[in-house]
J.: 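What follows is a structure written as structure tokens; I'll ask about it next.
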2 protein chains.
Amino acid sequence: MAAEFVVDSHRYAMRTAEFNRESVLRNAMQAFMTYGYNKTSMPKLTEVTGLHPGSIYCAFKNKKGLLLAAIEQYQADRRAHYQQLFENSTSLRCALERFLQDLTNECVADESKKVCLLTKTLNEIGEQDKEIQSALSTHLQQFESLIKQQFLTPWPDSEVMSEEAATNKARFFIMCVYGIRTYSATQCNSAELQALADQTLAASLSP
Amino acid sequence: MAAEFVVDSHRYAMRTAEFNRESVLRNAMQAFMTYGYNKTSMPKLTEVTGLHPGSIYCAFKNKKGLLLAAIEQYQADRRAHYQQLFENSTSLRCALERFLQDLTNECVADESKKVCLLTKTLNEIGEQDKEIQSALSTHLQQFESLIKQQFLTPWPDSEVMSEEAATNKARFFIMCVYGIRTYSATQCNSAELQALADQTLAASLSP
DNA sequence: CCTTTTTTTGAATATACATTCAAGATATGT
DNA sequence: ACATATCTTGAATGTATATTCAAAAAAAGG
């Protein structure tokens with residue numbers, strides 16, 4: 001954040017912000033996931049981020065700006081998480097299995113882990129704010145692309161797949177992921193979620 | 001709502017409420033589906049129901065009471081809708097096809113039609129209110145039962161299915177329905193939704 | 001038409017909230 | 001140590017909101 005300014009041939013360096021941006025955004029995102037956007041009040045956000053209202057408005061413009069920044073951070077974190085998850089996969093089945101195992105683990109964990117910031121926010125305020133809606137749609141499509149790449153990867157011992165087939169299969173898979181997340185909001189029985197994941201895997205691998 | 005009271009051996013009849021309860025609840029439910037619970041303000045509710053604040057508080061106790069009553073009405077309406085939809089089905093495939101066709105039609109319709117009041121409310125405030133959460137979970141499980149009955153129905157030309165198999169298949173089917181609804185919040189392309197419905201049908205019918 | 005109690009009315013209340021702002025604190029180059 | 005602009009602070013502001021309440025209107029049997 002450091003920048004320069006010059007006055008009367010004197011160069012001064014601007015003061016840099018004190019807080020850790022990533023840490024602030026991760027705390028804010030957790031609050032948004034736990035309570036939802038509307039029920040995460042500014043007092044709550046000052047509490048969890050450790051920033052005073054003025055600092056939040058200085059750094060992120062307003063509450064919505066903080067949400068958008070938290071969404072970006074969420075996306076970056078998730079992308080890194082999945083790239084690590086998919087590393088050294090040996091087959092399509094292996095990659096999808098890892099993804100689903102990770103998903104069901106999250107769904108039986110605490111409230112902030114079992115929800116997806118993107119779909120939760122889309123559900124709550126997507127219709128009311130086109131800027132947020134388009135940011136969320138873009139990010140969700142990136143996840144779909146990530147899955148599509150797994151279907152298109154030329155794994156040993158598997159046939160190649162057409163671009164269109166991969167698009168369809170990735171879309172269906174992501175749809176199932178949305179479904180499992182929603183289902184876990186009503187019933188978070190581990191065995192039931194496992195059964196749903198198994199059926200999702202079978203349906204996604206069948207030709 | 002008519003009741004009796006007696007004073008000095010004179011019998012009086014209580015005044016009956018003027019508004020149409022079902023109509024009020026359907027208007028309220030549509031507002032909740034369009035804007036979500038938090039963003040449906042009391043001024044908005046007085047506008048769409050035609051009732052003044054005092055009347056709402058007299059009839060439903062408070063805003064949450066109105067939501068709970070709207071949820072009951074939604075459930076009753078939906079149950080009737082699906083019973084009609086399933087009438088005269090000739091096969092499991094036929095019944096599920098009708099359900100999915102109805103679903104995709106709703107998903108490309110206007111905002112209040114494409115969402116499910118139960119899942120939307122669960123997503124938004126389920127975690128914050130155990131009474132609402134349990135009402136929603138109960139209702140959602142009733143829908144799952146409705147689908148399970150279709151799997152258990154002894155259709156001509158189809159094998160019987162175990163209770164457990166029907167439970168699993170109904171759960172997976174409902175999970176897909178949740179997924180399609182969430183997916184349609186990002187992309188409401190009719191062809192894509194149709195493709196997802198087709199894959200859901202195929203996965204649900206495969207043994 | 002009178003009596004009684006409920007429903008209806010809508011202004012008033014109290015609270016919660018997002019946002020602003022001006023004063024004070026801090027970092028950095030000279 | 002000084003100068004400068006930014007960051008930080010947190011109380012103040014204005015708005016939006018759910019809820020209450022007391023007065024007025026209405027229903028219905030006598």
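Chain letters run A, B, ... following the sequence lines, proteins first and then strands; every chain starts at 1. In this text, all values refer to a predicted model and were calculated from it rather than measured experimentally.
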J.: Flag the pair A:Thr90 / A:Trp155 as yes when at least one side-chain heavy-atom distance between them is below 4.5 Å, and no otherwise.
T.: no

J.: Could you give the NZ-to-P distance, from A:Lys44 to C:dA18, as a whole number of Å?
T.: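 Answer to the nearest Å: 13 Å.
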
J.: What's A:Pro53 touching, base or sugar-phosphate or nothing? Going by heavy atoms closer than 4.0 Å.
T.: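 If one applies the 4.0 Å heavy-atom cut-off, A:Pro53 turns out to touch a base.
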
J.: Does anything in residues 30-42 of chain A pair up under salt bridge (Lys or Arg N to Asp or Glu O under 4.0 Å), and if so which pairs, sequence neighbours excluded?
T.: none

J.: Who passes ring pair (Phe, Tyr, Trp, His ring centres under 6.0 Å) against A:Phe32, sequence neighbours left out?
T.: A:Tyr37

J.: Within the 4.0 Å heavy-atom criterion, would you say B:Thr46 contacts the bases, only the backbone, or no part of the nucleic acid?
T.: nothing

J.: At 4.0 Å (heavy atoms only), tell me whether A:Ser55 reaches a base, stays on the sugar-phosphate, or touches nothing.
T.: base

J.: Distance check needed: D:dT19 P versus B:Phe60 CZ, whole Å only.
T.: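 Rounding to the nearest Å, CZ of B:Phe60 and P of D:dT19 are 14 Å apart.
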
J.: Counting side-chain heavy atoms from C-beta on, which of C:dT19, D:dT19, D:dT17 comes nearest to A:Asn62?
T.: C:dT19

J.: Nearest to the A:Cys58 side chain among C:dA18, D:dA18, D:dT8, which nucleotide is it?
T.: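 Among C:dA18, D:dA18, D:dT8, the one nearest the side chain of A:Cys58 is D:dT8.
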
J.: Roughly, in whole Å, what's the span from CD1 in A:Ile125 to P in C:dA18?
T.: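 Computing the A:Ile125:CD1 to C:dA18:P distance gives 12 Å.
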
J.: Show me the pairs that pass salt bridge (Lys or Arg N to Asp or Glu O under 4.0 Å) and involve residues 183-192 of chain B, at least two apart or across chains.
T.: A:Arg171-B:Glu192

J.: Without decimals, in angstroms, what is the distance between A:Met42 CE and C:dT20 C1'?
T.: 11 Å

J.: Would you please name every residue forming a side-chain hydrogen bond (donor to acceptor under 3.5 Å, both in side chains) with A:Glu72, sequence neighbours left out?
T.: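 Partners of A:Glu72 under the side-chain hydrogen bond (donor to acceptor under 3.5 Å, both in side chains) test: A:His139.
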
J.: In whole Å, I'd like the distance from the NZ atom of A:Lys61 to the P atom of D:dC7.
T.: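 Nearest whole value for this atom pair: 16 Å.
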
J.: Which ones in residues 31-38 of chain B lie close to DNA chain C, meaning a heavy atom under 4.0 Å from one of its atoms?
T.: none

J.: Does B:His52 put a side-chain nitrogen or oxygen below 4.0 Å from OP1 or OP2 of C:dT8?
T.: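 Checking C:dT8 against B:His52, no side-chain N or O comes under 4.0 Å of OP1 or OP2.
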
J.: Under the ring pair (Phe, Tyr, Trp, His ring centres under 6.0 Å) rule, collect the residues that match up with B:Phe99, sequence neighbours excluded.
T.: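 With sequence neighbours excluded, B:Phe99 shows a ring pair (Phe, Tyr, Trp, His ring centres under 6.0 Å) to B:Tyr82, B:Phe173, given in chain and number order.
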
J.: To the nearest Å, how far apart are A:Glu47 CD and D:dT9 P?
T.: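 Checked: the CD to P distance equals 16 Å.
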
J.: Starting from P on C:dT19, measure out to CG on A:Leu45 and report it in whole angstrom.
T.: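 Rounded to whole Å, this separation is 11 Å.
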
J.: B:Asp77 and B:Gln73: side-chain donor and acceptor closer than 3.5 Å?
T.: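 Looking only at side-chain atoms, B:Gln73 and B:Asp77 do form a donor-acceptor pair, the distance falling under 3.5 Å.
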
J.: Using whole Å, what does the distance between atom C1' of nucleotide C:dT20 and atom CD1 of A:Ile56 come to?
T.: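 Answer to the nearest Å: 14 Å.
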
